[in-house]
Participant: 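Before I ask anything, here is the structure I am working with.
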Amino acid sequence: MMKQRILTGDRPTGRLHLGHYVGSLETRVKLQHQYETFIMIADVQAMTTHFDNPGALREHIGEVMLDYLAVGIDPGVSTILLQSMIPEIAELTIFFSMFVTVSSLRHNPTTKQEIEEKGLKDLYYGFLGYPVSQAADITIFKAHWVPVGADQLPHIEQARRIARRFNDLYRPVLVEPQALLSPVTKLAGLDGRAKMSKSLDNCIYLSDPPETVTSKIKTAVTDPARIRRHDPGHPDICTVFGYHQAFNREEIEEISENCRTAGIGCSDCKRRLADKINALLDPIRERRDHYASRGREVREILAAGTGRARSVAVATMAEVREAMSLVSF
Ligand code: ATP
Ligand code: MG
């Protein structure tokens, strides 16, 4: 039986962080042998907010590649691809944009939140429409599953609706994708904001050295009501406790109890967390160093993956054009 396909990706706007790890990377690594996995470095999508300096994205592409290989994405079974090298995606985006309404894009809750967080004033056409291009990213590869964090759910829903509409209008060519949510769907930022995000500069990066991880965790916001060592804490509103839930599941009962009764202070609690996260990151750092000294091999992995992915995209576009009666003379 043919394996079902997964597609996910990341914007090359910086190195990857722990939010990516729990929200999506960990799931991809686990599932890559069970599903046919496509992972996209979404440089065109990154341009929707970084169009003024596309050259800077090139550097980040290398960093994201290293992060992928470091967490255990196996290029022997997974296909890593660069979005801008597959122009068929842009073509499909144009066809989709004919039947997607502007109001459905304006009402997308994630887009609305990003407009607010990034302080975007005058909306660019490409930014407002990026969920349409994302629908093309997913459907051109006929992906069944998309492992993502909670922020992506509205986009996956939009992609489902677009695929369904295309199939109803023309011919059933596209697969309706489904989101695959991880147990931790949204990791908070060090500043206590709801989402750890590159653009908000509140991240622990997978490539941070141990001392940086430890000192960043020291700055993480905790329960504001817990001022003195003997004040009882409220784990449910503490960012650091949220990190324990994500990275230190074995000890959460005890930490929760000790926080509520002031049995443990915030600095001890943070030290235990930093040790856990550093233990998780150690093998990742090792693999990252290994690939960092093999630039050529890394570029070849991306080129080969992009070539494989493009042939799938070309085949889908032949079916799409045929379904839309866009056949040659
Ligand atoms: P940017 O600020 O450039 O948008 P980002 O940090 O939001 O960057 P993306 O590249 O937009 O990261 O997200 C890639 C994937 O990682 C998506 O599937 C997203 O759901 C997931 N993800 C990102 N941040 C988090 C987070 N804090 N918690 C859980 N999942 C996350
Ligand atoms: Mg984002």
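Computed from a prediction, not measured in an experiment: that's the story for all the values here. When a ligand or atom number is given, it counts from 1 through the structure's own listing order.
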Participant: May I ask you to list the atoms of ligand 1 that are less than 4.0 angstrom from any heavy atom of G149?
Facilitator: 18 (O), 19 (C), 20 (O), 30 (N)
Participant: At a 4.0 Å threshold, what atoms of ligand 1 neighbour a non-hydrogen atom of K195?
Facilitator: 7 (O), 23 (C), 24 (N), 25 (C), 27 (N)
Participant: Heavy-atom contacts under 4.0 Å between H17 and ligand 1: side chain, backbone, both, or neither?
Facilitator: side chain
Participant: Output the list of atoms in ligand 1 that are nearer than 4.0 Å to some heavy atom of S197, sorted by atom number.
Facilitator: 2 (O), 5 (P), 6 (O), 7 (O)
Participant: Mark up the atoms of ligand 1 that fall under 4.0 Å of a heavy atom belonging to S199, in ascending order.
Facilitator: 1 (P), 2 (O), 3 (O)
Participant: List ligand 1 atoms under 4.0 Å from K186, heavy atoms only on the residue side.
Facilitator: 28 (N), 29 (C)
Participant: Is the Lys NZ or Arg CZ of R5 less than 6.0 Å from the centre of F141's six-membered ring, within 45° of the axis?
Facilitator: no
Participant: Give a yes-or-no answer on whether the side chains of Y243 and N248 include a donor-acceptor pair shorter than 3.5 Å.
Facilitator: no
Participant: Would you mind listing which atoms of ligand 1 come within a distance below 4.0 Å of any non-hydrogen atom of M196?
Facilitator: 24 (N), 25 (C), 26 (C), 27 (N)
Participant: Under 6.0 Å from the CD atom of E116, do we count more than 12 heavy atoms belonging to anything else shown?
Facilitator: no
Participant: Between E176 and R160 (salt bridge meaning N to carboxylate O under 4.0 Å), is one present in this structure?
Facilitator: yes
Participant: Specify side chain, backbone, both or neither for V148, according to which of its non-hydrogen atoms lie closer than 4.0 Å to ligand 1.
Facilitator: both
Participant: G9 to ligand 1: N or O pair under 3.5 Å?
Facilitator: no
Participant: In sequence, state the C-alpha distance, the side-chain angles, and the governing distance for F95 and F166, and then conclude on ring-ring contact (aromatic ring centres under 6.0 Å, His included).
Facilitator: CA-CA 9 Å; F95 294 155; F166 181 97; 8.4 Å; no
Participant: Provide the closest heavy-atom pair for P131 versus Q158 in the form atom of the first, atom of the second, distance.
Facilitator: CB-OE1, 3.9 Å
Participant: Between D67 and R15, is the closest basic N to carboxylate O distance under 4.0 Å?
Facilitator: no
Participant: In ligand 1, which numbered atoms sit nearer than 4.0 Å to a non-hydrogen atom of G23?
Facilitator: 29 (C), 30 (N)
Participant: So, R193 versus T239: side-chain donor-acceptor pair below 3.5 Å or not?
Facilitator: no
Participant: Which atoms form the tightest heavy-atom contact between Q152 and V148, and what is the distance?
Facilitator: CB-CB, 3.5 Å
Participant: Pairs of nitrogen or oxygen atoms closer than 3.5 Å, one from H20 and one from ligand 1: do any exist?
Facilitator: yes
Participant: At under 4.0 Å between heavy atoms, is it the side chain or the backbone of T13 that contacts ligand 1, or both, or neither?
Facilitator: side chain
Participant: Considering T27, T49, L187, D151, which one's heavy-atom position lies nearest to atom 27 (N) of ligand 1?
Facilitator: L187
Participant: Answer yes or no for A42: is there a heavy-atom contact with ligand 1 below 4.0 Å?
Facilitator: no
